[in-house]
Amino acid sequence: MIIAIDGPAASGKGTLGKRLADHLGFAHLDTGLLYRAVAAVLMARGTPLTDRDAAALAARTLDVSHLDAPDLRGARMGEAASVISAYQPVRDALLDFQRQFGGQGPGAVLDGRDIGTVVCPDADVKLFITATPEERARRRHLELLRRGEDVAYETILADIRRRDERDMTRATAPLRAADDAVTLDTTDLDADAAFQAALAVVEEKRRKT
Ligand code: CDP
């Protein structure tokens, strides 16, 4: 079974994806980390993010065994990932890995921007997780504070708006809900309530198949 979770920045996809995967005994891939890792390679080398060829090469030769590196989750890396993720050759280079990940048994949860639309269009369950930009900025602010990054709320809100705009308007694999996705607005839901709502969608699907 493949569960595809998409949605805008800091909508809680990662937390939800991990929780669903743990509950169901499935593997979980936060695909944003792949783009963050490509951006990290360029930044470590001092290569400008505008160098498309270097970004494509970094994506083709990416070592996926270090996706749990804590620095990937920082605010700067999210912004940088959003820049290089708009390059088609970067996306193409990461596609096979994501699809193979989705093919493993007994099931996999993948979260990102284009899982239900491009990476796994035949996913058994598609969820589109959203919340207002203000609520997402509030959550990301808390998350970064816990990580020891004290970025102003207004800065985070501006970053989220800019990233949403870039992710939704890019030519390649723009952020959007798949036609057959169930949209979950989590603005007024805490993590537990979001998990229960998502699990209900999954269980419903399992009953029918
Ligand atoms: O955690 P957050 O939602 O802030 O970001 P993320 O999911 O780690 O993604 C970082 C950036 O990578 C996004 O702004 C997207 O531009 C890009 N991304 C993408 O294009 N496609 C994906 N499947 C996942 C992330």
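We count ligands from 1, going down the list as the structure has it; atoms in each ligand are counted the same way. Note: hydrogens, waters and symmetry copies are ignored here, and every other heavy atom, side chains too, is used.
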For this session: Below 4.0 angstrom from a heavy atom of Asp167, which ligand 1 atoms are there? Numbered from 1 as shown, please.
Result: 13 (C), 14 (O), 15 (C), 16 (O)
For this session: Might you work through the side chain to side chain donor-acceptor pair (under 3.5 Å) test for Arg166 and Ser82, ending with a clear yes or no?
Result: CA-CA 7 Å; Arg166 194 186 288 135; Ser82 167; 2.9 Å; yes
For this session: Taking only heavy atoms of Ser85 into account, list the atoms of ligand 1 that are under 4.0 Å away from them.
Result: 15 (C), 16 (O), 17 (C), 20 (O)
Problem set entry | Asp190 CG: over 12 foreign heavy atoms closer than 6.0 Å | yes
Exercise. Does Arg73 CZ have over 12 foreign heavy atoms under 6.0 Å away?
Worked result: no
Exercise. Would Lys13 count as a contact of ligand 1 if the rule is a heavy atom under 4.0 Å away?
Worked result: yes
Exercise. With atoms numbered from 1 as shown, which atoms in ligand 1 lie under 4.0 angstrom from a non-hydrogen atom of Ala81?
Worked result: 10 (C), 11 (C), 12 (O)
Problem set entry | Side-chain donor-acceptor contact under 3.5 Å, Glu135 with Thr187 | no
For this session: For atom 8 (O) of ligand 1, grab the closest protein heavy atom and report residue, atom and distance to one decimal in Å.
Result: Arg36 NE, 2.6 Å
For this session: Just let me know how Ser82 lines up against ligand 1, side chain, backbone, both or neither, with a heavy-atom cut-off below 4.0 Å.
Result: both
Problem set entry | Which residue and heavy atom of the protein sit nearest atom 25 (C) of ligand 1, plus the separation | Gly32 CA, 3.6 Å
Exercise. From Arg113 CZ over to Thr31 OG1, what is the distance, rounded to the nearest 0.5 angstrom?
Worked result: 7.5 Å
For this session: In sequence, state the C-alpha distance, the side-chain angles, and the governing distance for Asp92 and Gln88, and then conclude on side chain to side chain donor-acceptor pair (under 3.5 Å).
Result: CA-CA 6 Å; Asp92 291 346; Gln88 183 73 57; 2.8 Å; yes
Exercise. Any N or O of Arg140 that comes nearer than 3.5 Å to an N or O of ligand 1?
Worked result: yes
Exercise. Strictly under 4.0 Å, does any heavy atom of Arg166 approach an atom of ligand 1?
Worked result: no
Problem set entry | Worked check of side chain to side chain donor-acceptor pair (under 3.5 Å) between Asp111 and His28 | CA-CA 8 Å; Asp111 68 79; His28 172 233; 2.7 Å; yes
Problem set entry | More than 12 heavy atoms of other groups within 6.0 Å of Arg76 CZ | no
Exercise. Short list, please: which atoms of ligand 1 are under 4.0 Å from a heavy atom of Asp114?
Worked result: 21 (N), 22 (C), 23 (N)
Problem set entry | Lys13 side chain vs Leu110 backbone, donor-acceptor pair below 3.5 Å | no
Exercise. Should one rank Arg91, Arg113, Arg162, Arg73 by closest heavy-atom distance to atom 20 (O) of ligand 1, which comes out on top?
Worked result: Arg91
Problem set entry | Residue-ligand contact Gly14/ligand 1, heavy atom below 4.0 Å | no
Problem set entry | Which residue and heavy atom of the protein sit nearest atom 10 (C) of ligand 1, plus the separation | Arg163 NH1, 3.5 Å
For this session: Look at atom 24 (C) of ligand 1 and say which protein heavy atom is nearest, naming residue and atom and giving the distance to 0.1 Å.
Result: Thr31 OG1, 3.5 Å
Exercise. What atoms of ligand 1 come within less than 4.0 Å of a heavy atom belonging to Ala10?
Worked result: 2 (P), 3 (O), 4 (O)
For this session: Would you mind reporting whether Ser85 and Arg91 have side-chain heavy atoms less than 4.5 Å apart?
Result: yes
